[in-house]
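Below, chains carry the letters A, B, ... as their sequence lines are ordered, and counting in each starts from 1. Note that these values count all heavy atoms, side chains included, but never hydrogens, waters or copies made by symmetry. Everything numeric in this text was worked out from a predicted model, so none of it was measured.
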Number of protein chains: 2
Amino acid sequence: MIDREQVAKRLKGAGYKFTGPRRLVIDVFFRHPEASLAVKDVLAEVQGECPHVSPDTVYRTVALLEKLGVVEPLDFSDEAKKYRLACGTEHHHHLVCLRCGAVMPLQYCPLVEVEDGVEGFSIVDHRFELYGYCKACQQTP
Amino acid sequence: MIDREQVAKRLKGAGYKFTGPRRLVIDVFFRHPEASLAVKDVLAEVQGECPHVSPDTVYRTVALLEKLGVVEPLDFSDEAKKYRLACGTEHHHHLVCLRCGAVMPLQYCPLVEVEDGVEGFSIVDHRFELYGYCKACQQTP
DNA sequence: GATTAAATAAGAATTATTCCTATTTACAAG
DNA sequence: CTTGTAAATAGGAATAATTCTTATTTAATC
Ligand SMILES: [Mn+2]
Ligand SMILES: [Mn+2]
Ligand SMILES: [Zn+2]
Ligand SMILES: [Zn+2]
């Protein structure tokens, strides 16, 4: 898994400054390496340490980290968009625990199964996600 | 495919009133049987005929139609939630055209492929959607 | 036609996100 | 170490989607 040093390098390597607010945002994701976090969660933790950091800055920073592949977006239906520290660079999908919010990578991708069955439709993207309960949450009542 | 009469019956059968605004909302979906519509699109068409209908009413009506299985929610990532007239009662997924917005049913479901591979995780729900360009949109430049 | 619970309109309130702009800062060059 | 400069930020206003509140209206029943 990627570490803090590499994130700083990736930022600078792409020509971005390594600022205080950006470090705070990065730290939040490393503090919860498997959780799915809404921007407002990230903002709350950041402001816990530095109350004057603006929402706008956190939104922009998270978007930047997404562009750099440091965090991944997770598409829950209703709620606000969530993110987690990227679990890998290869293509993968996710198992999402509906109780504790843990997000685990799933290597299997169903795309090959379907590519022949959609004559005439040219696929450029897809989404596949599984929702349920992780081992730990099944055992705790 | 379901028709207007059946929708009215389903409403009344479940104890709901068949009101003017509800009829207008239903008509919008029948007028675009394959399109994906955001609530604001539905609202705009409804207000075209009856300008005083409130957003709240349209939101509540669409939610009700979803509960009754008349319309299906479609999960696009960023944008507002969208809906289309349900394309069937059996479990299925969707092909979504990124240009014209057409939404076509896909019978294949990848769930069986994965159920053995996720030891310890109990799946209760899943999402699978394909995005791309439909035949017509591929041919028009 | 009268009764009544359900539904609606209108506007306020919330929530997530983006925009605006004056000020600050990371970083590099001297 | 200073200084110059573009990039980044703070703070507050603006937008957009959705929900809430409450007084009024109405579909369905009697
Ligand atoms: Mn991942
Ligand atoms: Mn469908
Ligand atoms: Zn895939
Ligand atoms: Zn399925």
Tell me the closest heavy-atom pair linking [X] and [Y], and the distance in Å.
X        : Y        : result
B/Lys81  : B/Pro73  : CE-CB, 3.8 Å
A/Ala35  : A/Arg84  : O-CB, 3.1 Å
A/Pro110 : B/Phe128 : CG-CE1, 3.6 Å
A/Met1   : A/Leu85  : SD-CD2, 4.0 Å
A/Thr140 : A/Arg99  : O-NH1, 3.2 Å

Examine [N]: is either OP1 or OP2 under 4.0 Å from a nitrogen or oxygen in the side chain of [X]? Give yes or no.
X       : N      : result
B/Tyr59 : D/dT18 : yes
B/Lys40 : D/dA16 : no
A/Arg60 : D/dA8  : no

Any side-chain donor-acceptor pair under 3.5 Å between A/His52 and A/Gln47?
->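 Judged by distance alone, the side chains do not pair up.
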
Under 3.5 Å, which protein N or O atoms sit close to an N or O of nucleotides 26-30 of chain D? Give each pair with its distance.
{"unit_1": "D/dA27", "atom_1": "N3", "unit_2": "B/Lys17", "atom_2": "NZ", "d": "3.3"}
{"unit_1": "D/dA28", "atom_1": "OP1", "unit_2": "B/Phe18", "atom_2": "N", "d": "2.9"}

Base, sugar-phosphate, or nothing for B/Arg22, non-hydrogen atoms under 4.0 angstrom?
->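 Sugar-phosphate contact only - B/Arg22 comes under 4.0 Å of backbone atoms but never of a base.
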
Over how many whole Å does the gap from [X] atom [atom1] to [N] atom [atom2] extend?
X       : N      : atom1 : atom2 : result
A/Asp56 : D/dA8  : CG    : P     : 13 Å
A/Gln47 : D/dA10 : CD    : C1'   : 11 Å
A/Leu43 : C/dT18 : CG    : C1'   : 14 Å
A/Lys82 : C/dT17 : NZ    : P     : 11 Å
B/Leu11 : C/dA7  : CG    : C1'   : 12 Å

Please tell me which of A/Pro51 and A/Leu64 maps to the more 5' nucleotide of DNA chain D, matching each residue to the nucleotide holding its nearest heavy atom.
->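 The residue whose closest nucleotide sits nearer the 5' end is A/Leu64.
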
So, do A/His126 and A/His93 have ring centers that fall under 6.0 Å from each other?
->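 Ring centroids of A/His126 and A/His93 are less than 6.0 Å from each other.
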
Consider the side chain of A/Thr57, meaning its heavy atoms from C-beta on, and name the nucleotide among C/dA9, D/dT18, D/dT9 that approaches it most closely.
->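 Closest of the options to the side chain of A/Thr57: D/dT9.
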
Compare the minimum distances between each of C/dT17, C/dA9, D/dA10 and the side chain of A/Val39, then state the nucleotide with the smallest one.
->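 The listed nucleotide nearest to A/Val39's side chain is C/dT17.
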
Which angle, to the nearest 10 degrees, lies between the helix axes at the two ends of the helix from C/dG1-D/dC30 to C/dG30-D/dC1, each defined by five pairs?
->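 About 30°, once rounded to a multiple of 10°.
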
Do any N or O atoms from the side chain of B/Ser36 and from the backbone of B/Tyr83 form a donor-acceptor pair under 3.5 angstrom?
->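 Checked: no pair found.
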
Exam field: side chain A/Thr57 to backbone A/Val53, donor-acceptor pair closer than 3.5 Å |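 No: the side chain of A/Thr57 does not pair with the backbone of A/Val53.
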
